[in-house]
Amino acid sequence: MLLQRKVGAFQKGANSRGRLSRVVVRAKAQPVTEKEVRPGVYEGYWTWKGHQIRYQRSGDQGTPLLLVHGFGGNADHWRKNTPELAKSGHRAFAIDLLGYGYSDKPDPKAAPPNSIYNFENFGDQLVDFIKERIGSEPTFVICNSVGGLAGLQASIVAPELVKGVQCIDISLRGLHVKRQPAWQRPFVAAFQRFLRETDAGKAFFGNVATERTVGNILRQAYGRKEAVTPELVQAILAPGLRPGAVDVFLDFISYSGGPLPEELMAATTRPVSILWGEADPWENVHEGRRLFAPLPSVVEFVSLPGVGHCPQDEAPELVNPLIERFVAAYSAGGGGAAALAQVQASTARA
């Protein structure tokens with residue numbers, strides 16, 4: 001997500017994909033140990049298929065929400081959302097996807113390219129988290145950027161566990177192999193192998209993973225430049241300097257296969273809400289509206305003036321109420337589309 005444009009020119013070409021072997025899971029099978037890291041926000045680690053996965057939680061009751069970051073992000077990118085959503089009566093969980101943040105980073109070189117870090121596996125991770133940590137209670141999945149594809153995948157794998165998916169500036173995957181001219185594909189695939197298999201990739205990552213570069217990338221991505229603070233830069237940069245992060249980075253920037261977002265939105269049976277920062281320089285709001293607004297699963301497309309690629313962090317005062325509105329409309333007894341339309345009409349009149 002945050003580093004995607006910096007490496008965008010390299011993210012093309014066909015490649016293999018797969019998923020980690022699934023295991024039988026039981027709700028609440030693991031003991032839970034959490035510590036308070038900010039007022040009202042608790043952090044814990046959950047074991048998934050032998051890997052330690054970090055998550056944060058705020059709130060002890062109410063409809064569960066699972067917040068999913070994008071490329072280069074982690075649970076801290078939702079630090080302005082989890083406590084506020086808890087105050088509104090929800091249980092809000094933010095998770096580090098496998099390989100990101102402070103979750104474990106299994107070596108992608110031990111398997112075929114993109115067979116560990118892909119949307120099928122991320123979708124499985126979210127489903128199993130809902131089963132084990134949330135207790136199989138139907139959950140709303142709220143996602144930013146490429147996290148949106150993981151959330152949609154989860155809604156297809158286990159629709160009975162996902163009440164709805166809200167995609168915030170979902171990645172269009174403009175560099176997916178299906179979107180590229182055929183003649184370019186072998187050249188880009190060769191360059192991707194060069195990055196993964198030589199020291200050039202690690203050198204490139206070293207140039208990106210600095211305070212100055214991360215800050216510049218964030219300022220490019222954000223419509224509200226004042227939201228790019230030293231705290232935010234460190235929240236993104238620090239876990240990217242942990243052992244194994246460079247190999248995950250290089251594996252994922254070569255991920256040009258897998259699903260496209262419109263394919264997943266067409267396949268899901270759950271309601272999909274779309275929020276989009278109009279000032280997003282990476283994912284064009286007009287193209288997003290063209291691709292997604294006509295799909296039957298999409299119940300709303302809300303554009304946010306002056307906001308860039310990460311509205312949940314740039315403009316939480318706008319996004320948090322929109323999360324709450326979507327959840328209220330599609331919770332049990334919420335009335336679904338009719339309730340959402342009524343709320344939208346009231347908002348428009350105001």
Side-chain angles (χ1 to χ4, degrees), residues 1 4 19 48 53 55-56 63-75 77-78 81-82 85 90-101 103 117-134 136-173 252 255 258-276 283 288 291-292 295 297-302 309-313 319 322-324 326-327 329-331:
M1 185 263 314
Q4 193 170 22
R19 69 198 320 173
W48 182 62
I53 303 296
Y55 69 91
Q56 295 179 348
T63 304
L65 315 178
L66 180 53
L67 313 180
V68 186
H69 63 82
F71 180 52
N74 59 76
H77 215 180
W78 299 95
N81 314 104
T82 48
L85 293 169
H90 305 293
R91 285 187 292 148
F93 296 83
I95 193 170
D96 287 358
L97 293 172
L98 183 70
Y100 289 92
S103 289
Y117 302 107
N118 58 52
F119 297 120
E120 290 84 357
N121 285 338
F122 292 148
D124 287 349
Q125 178 185 343
L126 300 182
V127 168
D128 289 346
F129 186 83
I130 294 171
K131 288 179 179 178
E132 290 204 355
R133 182 59 191 88
I134 299 178
S136 293
E137 185 174 346
T139 299
F140 286 88
V141 185
I142 315 297
C143 323
N144 179 225
S145 192
V146 298
L149 287 98
L152 289 167
Q153 179 69 28
S155 77
I156 294 168
V157 172
E160 73 281 3
L161 295 178
V162 178
K163 294 281 287 184
V165 182
Q166 190 166 57
C167 298
I168 304 174
D169 289 66
I170 188 172
S171 171
L172 298 174
R173 301 207 70 197
F252 198 78
Y255 183 31
L260 288 167
E262 62 267 32
E263 295 170 343
L264 295 176
M265 284 192 202
T268 187
T269 60
R270 312 316 295 152
V272 177
S273 163
I274 297 178
L275 311 182
W276 213 293
E283 309 295 351
L291 284 172
F292 307 136
L295 297 174
S297 64
V298 177
V299 298
E300 65 173 350
F301 191 111
V302 181
H309 188 63
C310 307
Q312 81 279 6
D313 187 60
V319 171
L322 291 171
I323 295 173
E324 294 166 13
F326 176 59
V327 171
Y330 287 90
S331 295

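Throughout, numbering of the chain's residues begins at 1 and tracks the sequence.
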Residue pair His309 / Ser145, side-chain heavy-atom distance below 4.5 Å: yes

Straight-line distance of Asp169 CG to Cys310 SG, nearest 0.5 Å: 7.5 Å

side-chain contact (heavy atoms from CB on, under 4.5 Å) evaluation trace for Ile142 with Val68: CA-CA 6 Å; Ile142 315 297; Val68 186; over 6 Å; no

Any donor-acceptor N/O pair, Gln125 side chain to Leu98 backbone, under 3.5 Å: yes

Candidate pair Glu283 and Ile170, rule side-chain contact (heavy atoms from CB on, under 4.5 Å), full reasoning: CA-CA 8 Å; Glu283 309 295 351; Ile170 188 172; over 6 Å; no

Backbone N/O of Leu97 and side chain of His69: donor-acceptor pair under 3.5 Å: yes

Residue pair Tyr55 / Leu67, side-chain heavy-atom distance below 4.5 Å: no

Ser103 (side chain) donor-acceptor with Asp96 (main chain) under 3.5 angstrom: yes

Separation of Ile53 CD1 from Arg133 CZ (nearest 0.5 Å): 14.0 Å

Main-chain N/O of Ala267 paired with Thr269 side-chain donor or acceptor, under 3.5 Å: no

Any donor-acceptor N/O pair, Asp313 side chain to Trp78 backbone, under 3.5 Å: no

Val319 side chain near Ile168 side chain, heavy-atom distance below 4.5 Å: yes

Heavy-atom side-chain contact between Glu137 and Lys131 under 4.5 Å: no

Thr268 side-chain N/O to Leu264 backbone N/O, donor-acceptor pair under 3.5 Å: no

Side-chain donor-acceptor contact under 3.5 Å, Gln56 with Thr82: no

Which residues share a ring-ring contact (aromatic ring centres under 6.0 Å, His included) with Phe140, sequence neighbours left out: Phe326

Ser297 side, atom OG; Ile274 side, atom CD1 - distance, nearest 0.5 Å: 7.5 Å

Side-chain touch Ile134/Phe93, heavy atoms, less than 4.5 angstrom: yes

Distance flag, aromatic centroids of Trp276 and Phe301, threshold under 6.0 Å: yes

Closest heavy-atom pair and its distance - Glu300, Val302: OE1-CG2, 3.6 Å

Nearest-0.5 Å distance, CG of residue Leu152 to SG of residue Cys143: 6.5 Å

Which atom of Val146 lies closest to which atom of Ser171, heavy atoms considered: CG1-CB, 3.6 Å

Side-chain (Glu263) to main-chain (Leu260) donor-acceptor, under 3.5 angstrom: yes

Minimum side-chain heavy-atom gap Val141-Gln166 below 4.5 Å: no

Under 3.5 Å donor-acceptor, Arg173 side chain and Pro261 backbone: no

Between CH2 on residue Trp48 and CG on residue Leu126, distance to nearest 0.5 Å: 8.5 Å

Side-chain donor/acceptor of Gln153 to backbone N/O of Phe119, under 3.5 Å: no

Heavy-atom side-chain contact between Cys167 and Val272 under 4.5 Å: yes

Nearest heavy atoms of Ser331 and Thr63, plus distance in Å: OG-OG1, 4.0 Å

Near-ring test Tyr117/Tyr255, centroid separation under 6.0 angstrom: no

Working for side-chain contact (heavy atoms from CB on, under 4.5 Å), residues Ser136 and Leu161: CA-CA 6 Å; Ser136 293; Leu161 295 178; 4.2 Å; yes

Sub-4.5 Å side-chain heavy-atom contact between Pro64 and His90: no

Thr139/Lys163 under side-chain contact (heavy atoms from CB on, under 4.5 Å): CA gap, chis, key distance, verdict: CA-CA 5 Å; Thr139 299; Lys163 294 281 287 184; 6.0 Å; no

Arg270 (side chain) donor-acceptor with Val162 (main chain) under 3.5 angstrom: yes

Aromatic plane relationship, Tyr100 with Phe252 - under 30° parallel, 30 to 60° tilted, over 60° perpendicular: perpendicular

Heavy-atom pair with the smallest gap, counting every atom of Leu85 and Ala92: CB-CB, 4.1 Å

